[in-house]
Amino acid sequence: CGSAGAYSRKRLTSAFSGVTITVGAGGASVTSGSNATGNNGGSSSFGAICSSSGGIAGTAGGAGPNIALVGASNLYGSLSVGGTASGGDVNISGSCSYSIFNVGAAIGMGFGGAAPSGAAAGKSFTSNGDGTAGVFPGGGGTFAITGGSNSSGAGAGGMVLIWEYS
């Protein structure tokens, strides 16, 4: 499962005319037939003033790096670290995602990272199920554990909010 993108907030009163705004795309979905790793989310920014990186791709069931869970046969877990932010008055990293799966039984569950601005998707999986797309801007998608035609859930795209006061 993919982690969430970060959040950055900045109050500006001048010197921002003509700034380029970039809204990062969510990490694209992948087919898990070969237990492929997903795609990282894109970064969102308000020029060079402040930026927030997208979430980090999660690994599909059975793909490394995985952590063997103590006391459980064929049971593994994996984590993806959340995106980071810089330049803002407030900078909040995206939350990690986690996955737990049983390689021998081809079952598992996982939760995409929750974006600082909203919730993430979570779902139980079997070898016949697709992952769930990320919810709200910056939320991480979930994986499909196995199967030639099953796809991971895409991450949700980023967001840039601008409030103008006059």
Side-chain angles (χ1 to χ4, degrees), residues 1-32 34-61 63-67 76-101 108-123 125 130-145 151-166:
C1 297
S3 65
Y7 171 85
S8 181
R9 182 175 68 198
K10 178 91 173 165
R11 182 170 190 254
L12 302 169
T13 58
S14 64
F16 55 86
S17 179
V19 168
T20 300
I21 299 168
T22 304
V23 178
S29 174
V30 295
T31 300
S32 68
S34 61
N35 287 326
T37 297
N39 294 290
N40 293 342
S43 294
S44 295
S45 65
F46 189 74
I49 297 170
C50 61
S51 66
S52 300
S53 69
I56 306 301
T59 57
N66 297 315
I67 305 162
Y76 294 88
S78 66
L79 294 171
S80 292
V81 178
T84 59
S86 63
D89 299 324
V90 176
N91 297 301
I92 303 173
S93 295
S95 69
C96 296
S97 63
Y98 70 93
S99 307
I100 300 172
F101 46 91
M109 67 171 290
F111 294 91
S117 55
K123 181 181 178 183
F125 306 95
D130 287 337
T132 304
V135 181
F136 212 75
T142 61
F143 70 94
I145 192 166
S151 297
S152 65
M159 173 175 62
V160 175
L161 292 174
I162 300 170
W163 295 341
E164 181 180 3
Y165 299 97
S166 55

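Atom CD1 of Ile162 sits about 3.0 Å away from atom CD1 of Ile21, to the nearest 0.5 Å. Annotation: the span from Tyr7 atom OH to Cys50 atom SG amounts to 9.5 Å, rounded to 0.5 Å. Taken from CZ in Arg9 to CD1 in Ile92, the straight-line distance is 7.5 Å, to the nearest 0.5 Å.
Nearest heavy-atom pair, Ser8 versus Ser86, reported as atom, atom and distance to 0.1 Å: OG-O, 3.6 Å. Of all non-hydrogen atoms in Ala6 and Ser52, the two that sit nearest each other are O-CB, 3.4 Å. For the pair Phe16 and Ile49, the tightest heavy-atom approach, listed with the atom from each and the gap, is CB-CD1, 4.3 Å. Considering every non-hydrogen atom in both Lys10 and Gly88, the closest pair reads CD-CA, 4.0 Å. Residues Cys96 and Val81 come closest through the heavy atom pair SG-CA, 3.9 Å. Contact record, Ser3 with Ser95: CB-O, 3.4 Å, taken as the closest heavy-atom pair.
Thr22 is not listed as a side-chain neighbour of Val160, based on a closest heavy-atom distance of 4.5 Å or more. Side-chain contact check for Phe46 versus Thr20: every heavy-atom pair is 4.5 Å or farther apart. The shortest distance between side-chain heavy atoms of Ser43 and Ser53 falls below 4.5 Å.
Side chain of Asn39 to backbone of Gly27: no donor-acceptor contact under 3.5 angstrom is found.
Electrostatic pairing of Asp89 and Arg11 does not count as a salt bridge here, judged by no charged N lying under 4.0 Å from a carboxylate O.
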